[in-house]
Structures are given as structure tokens and as C-alpha cells.
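What you are looking at is a predicted structure, and each value in this text was computed from that prediction instead of being measured. Throughout, a chain's letter reflects where its sequence line sits, starting with A, and its residues are numbered from 1.
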Amino acid sequence: MSNESQSVSDSLQRNQFVARKERLYAWLIAGSAVLTILVTVGIVLALSVNALTFWREISPIAFFTGTNWSPKIAGEYGVLPLVSGTLLVTVCSALIALPVGLAAAIYLSEYASERVRSILKPALEVLAGVPTVIYGYMALVYVTPLIDGFLPIDATVIPSRIQILAIPDWLPAISGFVLALPEFTLVVPSLRTFNALSASIVVGIMIIPMVSSISEDALSAVPDSLREAAYGLGSTKFDVSTKVVVPSATSGIVASYVLALSRAIGETMAVTMAMGMSPQMPYFPNVLKNLAESSQTITAAMVQIAGADSLGTGPTFEAMFALGMTLFAITLTMNVLAELVRRRFREAYE
Amino acid sequence: MSNNEIATDDGIDGATTTDTASNTLDPSGDPLVDHDISVEGSDSRSASSGKTVIESRNLDVYYDDLQAIDDVSMAIPARQVTAMIGPSGCGKSTFLRCINRMNDLVDSARVEGELRFDGQDVYEQDIDPVALRRRIGMVFQHPNPFPKSIYDNVAYGLRVQGRDGEVDLDQQVEESLRRAALWDEVKDQLDKSALDLSGGQQQRLCIARAIAVDPDVILMDEPASALDPIATSKIEDLIEELAEEFTVVIVTHNMQQAARISDRTAVFLTGGELVEYDDTGTIFENPEHQRVEDYITGKFG
Ligand SMILES: Nc1ncnc2c1ncn2[C@@H]1O[C@H](COP(=O)(O)OP(=O)(O)O)[C@@H](O)[C@H]1O
Ligand SMILES: [Mg+2]
């Protein structure tokens with residue numbers, strides 16, 4: 001009897017060993033969290049210290065408003081051509097990836113049978129695992145020659161005020177490509193070896209899995225009761241998907257878009273390989289030329305600096321950090337905007 | 001109300017006279033069938049109360065090997081409230097979801113026998129379930145408003161059916177909300193999210209959403225079971241009013257509710273068997289089957 005009560009009070013006693021173990025786990029876990037925060041803060045600090053050094057030598061005004069990026073030859077550090085190159089690739093790849101990725105997500109979540117989905121979803125995710133250098137290589141070796149095959153004309157000048165209908169028969173291959181704005185003279189140039197179009201296409205393909213995978217999760221999370229309500233009102237499957245399921249999953253879809261865009265903005269290897277290293281202010285009004293010509297993104301410019309002999313000293317080296325800050329500012333803005341949108345639509349169906 | 005004579009037994013009749021009183025809101029131009037066979041004109045709205053709108057003959061429903069409905073034959077009259085009661089799992093929901101072919105959404109479900117709406121077998125090859133559901137609305141057990149504004153919820157059906165151009169949408173939304181006894185509570189906040197409403201309000205919104213497209217029949221699957229008593233009594237009042245204009249088929253596990261609001265009552269018992277189907281008064285006061293009496297008096301189920 002006394003033995004029993006002894007063991008009961010024993011079992012209620014704090015076990016010193018377990019308590020110490022628990023404390024250790026708590027420290028380890030907290031340590032990991034602190035480490036990631038420290039690394040992030042460290043990166044931002046390192047970036048800003050060097051970037052500030054740079055901006056002491058080169059005025060920020062010259063940096064942010066300059067239209068010529070030629071650090072070695074002219075000693076000019078205008079970031080605008082790089083920003084425009086980055087935006088060009090981002091926008092054009094988004095034009096491909098956002099609709100295609102969402103359509104794929106809708107197919108997977110609403111249309112595909114269980115069997116098809118179980119094959120397609122992993123397959124799409126493999127696409128996300130392809131090393132980006134391979135995408136760059138694909139752009140150079142396959143995409144550009146393929147597209148160039150369809151655009152066999154060299155700098156065909158389409159004079160202003162020509163209507164789409166008036167395009168002669170020998171131009172059918174490009175008719176889809178012509179913007180016959182009455183005010184502008186458009187030139188459909190032939191593709192350069194390095195060009196923004198093929199870079200945008202491969203980056204677009206690269207980020208499709210990100211859009212489709214995250215969007216598909218969001219679509220699948222929409223409760224069936226909403227689908228039933230919609231079917232019950234005489235909706236077709238397409239109505240249910242586009243008018244009920246997609247709007248209900250807005251927050252997840254926006255999240256997928258932002259992640260994909262951030263990836264496109266930060267993408268380096270494929271764009272460096274496919275688009276080249278010639279910083280270029282946008283051509284206007286001949287906008288099509290932007291796609292056909294080589295250009296350079298912020299990331300590609302950083303690679304170029306990092307690969308050069310000047311590594312370690314001088315404004316050219318420090319410019320790399322100013323570029324890094326700029327890139328960071330762009331993606332941070334994107335993420336903040338996305339968070340605002342996401343909050344606005346959060347868990348809409350709950 | 002004018003009463004067009006309608007052949008309900010073979011369904012394919014050429015009557016094209018329309019009830020002018022309900023013409024402006026009437027969706028009867030919406031063909032139920034993809035092609036060939038048309039049930040246009042067989043407008044149950046103009047059928048007199050009591051005429052058969054929905055009829056099942058030897059209906060069996062299976063989920064894979066499980067039989068959920070066993071040889072059910074019943075005729076549901078127009079513009080009355082028909083209640084289906086029975087213990088949980090006896091197939092009430094399954095039967096209800098056969099009527100507007102919501103069971104199509106369940107891969108394992110298989111239907112045998114006949115289910116006629118307006119004389120037309122709805123499981124025939126060339127029946128379009130989307131067109132069918134445009135004439136047979138549904139209200140579910142748990143309120144399921146879309147995560148949209150109150151207005152957009154009510155307007156959804158008309159928009160998706162492409163009828164928002166034909167009618168005055170604002171007016172139709174207001175009228176539907178009035179008929180669902182919700183207008184006074186929400187008239188100043190039509191742009192607010194439907195999800196901000198209380199459960200009872202959400203359910204009345206779902207009813208408004210269903211009647212906005214002016215269906216012939218409204219199916220309700222335990223529409224008040226997730227609501228508190230006050231909200232429930234509002235819904236019950238509403239259902240009785242709706243029956244003046246619509247055919248209402250309601251599943252409930254609440255026998256008092258069935259006794260209060262329905263004209264006819266069908267008692268399902270385990271195994272998906274329809275044991276007795278009669279006027280509500282008869283079922284509750286003088287049922288033919290002992291099993292039904294036992295169930296109603298609480299000795300069973
Ligand atoms: N989607 C489904 N898949 C498989 N079995 C189902 C499904 N829905 C219902 N059942 C089965 O069919 C029977 C009848 O269910 P149900 O019609 O929901 O009954 P009730 O509405 O009367 O409670 C039950 O045995 C249930 O388990
Ligand atoms: Mg049920």
C-alpha cells in the first residue's frame with residue numbers, strides 16, 4: 001500500500017532528465033530561428049554597407065536615372081537599362097506563365113481524373129527541378145532558332161498607317177506579330193542570337209510549375225459545398241471552375257503569382273545565357289524590337305561584374321551591391337504588395 | 001392563375017401556351033434537353049397545385065455495391081411541401097439528389113429505374129443536367145453562400161444562365177431577397193460579403209439565391225438542421241410561403257418540422273426503402289404501417 005502511493009507520487013515528480021532534454025530542444029529550435037534571422041539581417045547589412053560606399057562615389061541620382069550602364073568602358077552606372085531588361089523578361093514570362101499555369105491548375109484540380117492528376121502533378125513538378133542552366137541552353141540552341149525559322153525577314157519595315165489587312169501575302173508568318181498602330185512605324189526585326197523573347201519564353205516555362213502547383217493547392221482547398229451550390233444553380237463545369245472556384249481561391253493564386261514573378265525577377269542563369277549582356281534602354285515606339293534584341297537584366301549584370309578581374313575593389317565591384325539592393329527592393333515591394341492582396345482576399349470561403 | 005392542361009405522363013407535349021402572369025420571370029424558354037426532344041411549354045408553374053411534377057418509378061440507387069435507394073416509387077405534387085423523413089442513412093439525401101441529378105457528381109453513384117420531371121425521364125441520354133438544375137433549385141444542409149457580396153450571390157444564377165440581360169437584375173435581387181424574408185435585414189449592405197451574415201441569414205440568402213432564377217422545384221436537404229430555433233422557425237415560415245409558388249421537397253430528420261410545414265410526408269426507413277407516403281396528417285395520426293408508427297412515436301430510429 002505504502003509502496004503504491006510512493007510510486008504515484010514518484011510519477012508526478014518532475015523528471016530532471018526529461019526537463020533538461022526539453023530545454024535543450026527549445027534552445028535548438030530557437031537557435032535555428034535566430035540563425036535564419038541573423039543571416040537575413042547580415043545579408044541586408046552587407047548589401048547596404050557596400051551599396052552606401054558605392055553611392056558615396058556615384059550619386060544615387062545618377063545611378064537611378066542614368067540610361068547608360070557601362071561600368072568598365074564609360075564608367076557610367078545608369079541602372080535603368082538593367083531595370084527595364086529585368087522588367088521586360090518578367091512581364092513577358094508572366095504573360096506566358098500566369099495564364100498557362102492557372103489553366104493547368106484548373107485542369108488538375110477540377111477536370112483531371114484522380115489517375116491523370118497523380119501522373120501530371122509530379123510531372124509538372126519535375127519541370128521545376130530542371131536546372132536553370134539547362135533552360136538557358138534550350139533557349140540558345142532550340143527556342144531562338146525555332147522562332148527565327150518563323151520570322152525569316154530581316155528588319156522588315158512596316159510603314160505607318162498600314163492596316164493589318166493590307167499586309168501582303170508573303171508576310172503571313174508574321175501577321176500575328178504585327179501591331180499596326182496607325183501612329184507608329186513598326187519594324188519586325190529578325191532575332192539576334194541573344195534575345196529577350198527566347199529568354200522570356202524559357203523563364204515563363206520555368207515558372208509555370210510554381211504557378212500551377214501552388215494554385216492547384218489553393219483550388220483544391222475550396223470546399224465542395226461551394227461547387228455543389230454552383231452546380232445546383234445550373235452552372236456548367238466551366239462556370240463552376242471560373243466563376244466560383246477560382247475567385248474563392250484568389251489569395252492562393254495571387255501567392256503563386258508573386259512567388260513566380262519573384263523567381264522570374266531573380267532568375268539569373270537562363271536570362272544571362274539567353275538574353276546576353278548588352279544593357280539596352282527600351283526601344284520605343286518600335287516595341288517589338290525589344291524582344292528581338294539582346295538586353296541585360298540586373299542579375300546578369302551582377303554576374304558579369306562578379307566574373308570580372310575587377311573583383312574586390314573599386315566602384316564597379318561596389319556597384320554589384322547597389323544592384324543587389326535594387327533587386328532586393330523590387331522583390332520586397334512585390335512581396336509586400338502580394339501580402340496586402342492576400343490579406344484582402346484571405347480564406348475567402350471560411 | 002391560368003391552368004394549362006399538361007400531359008404529365010408522357011411529358012412530350014406540344015403545349016406552348018404560357019402563363020402570362022409569370023411570363024416575365026419565367027425560364028421555361030430554357031430547354032431541358034440538348035436537342036431533339038423538347039419539354040418547352042410543359043410549364044409546371046402553370047400546373048395546378050397537386051398535379052404530379054416529379055415521379056419516381058422503381059428507383060434504385062447504388063453507391064458501388066451499396067444500395068442506398070430500394071425500389072422507390074412516388075409522385076410529388078406541384079406547389080405543395082413534400083417532406084421526406086426517416087432515420088439517418090436511410091437514403092433521403094440520395095433520393096433528393098437524384099431529382100436534380102446532383103448524384104452525377106459522385107463517381108460511384110448509379111441510378112436505375114425512372115425519375116420523371118414534368119413527365120420527362122431525367123436520366124435519359126439526351127437530358128442535360130445543367131438545364132435540369134436550372135429548373136430544380138437546391139438548398140443544402142449547411143449554408144453555402146459564395147464568398148461574394150450578398151448581391152452577387154443572389155445574382156449568380158441569373159448571370160451564369162445568361163439571363164441577367166433579360167431581367168432587371170436589381171429588381172430581381174430585391175424581389176428574391178424579399179421573398180426569402182431577408183431584404184429588410186440586408187438592404188443597406190448588399191455589397192457586404194455574404195460570409196459576414198449569421199448562419200440563419202446565410203441560409204435565407206441561399207434560398208433567395210435559389211429562387212432568384214425562378215425554378216419550378218426547390219429541393220431542400222435539412223435546410224434548418226444547422227440553425228438555432230429562431231432561425232429555424234423563420235426558415236419554416238418561409239418554406240410554407242414558398243409552396244404557394246414553388247414545388248418544395250424537403251428532407252428533414254425533425255418529425256415535428258415535417259408535421260408543421262408539409263402537405264405530404266414520405267417515410268423512408270433503413271435500406272432506402274419508402275415505407276409509407278401519404279398526406280402528412282395521415283402519416284402522423286393514422287399511419288398504415290406499424291413500423292412507421294413506431295418510428296414516429298420514437299420507438300424506433
Ligand atoms: N457519396 C457517397 N458515397 C458512398 N456512399 C454514400 C454516399 N452518400 C451516401 N452514401 C450512403 O448511402 C446511404 C444513404 O445515405 P444518405 O442518402 O445520405 O442518407 P440520409 O440523407 O437519409 O441520412 C448511407 O448508407 C450512406 O452511407
Ligand atoms: Mg442526408
Checklist entry - Can a salt bridge be assigned to the pair B/R179 and B/D214 using a cut-off of 4.0 Å between side-chain N and carboxylate O? => result yes

Checklist entry - Where on B/F146 is there a heavy atom nearer than 4.5 Å to chain A: the side chain, the backbone, both, or neither? => result both

Checklist entry - Can we say B/R178 and B/E175 salt-bridge, meaning some charged N sits less than 4.0 Å from an Asp/Glu carboxylate O? => result no

Next on the checklist: How about OH on A/Y111, more than 12 heavy atoms from neighbouring residues, nucleotides or ligands closer than 6.0 Å, or not?
Outcome noted: yes

Item to check | Option in A/E228, A/K243, A/K237 with maximal non-hydrogen atom pairs under 4.5 Å from chain B | outcome: A/E228

Next on the checklist: Please classify the contact of B/I136 with chain A as side chain, backbone, both or neither, using a heavy-atom distance under 4.5 Å.
Outcome noted: backbone

Checklist entry - With only heavy atoms counted, which part of B/R209 is less than 4.5 Å from chain A, the side chain, the backbone, both or neither? => result both

Item to check | Pairing of B/D118 and B/R135 as salt bridge, 4.0 angstrom limit | outcome: yes

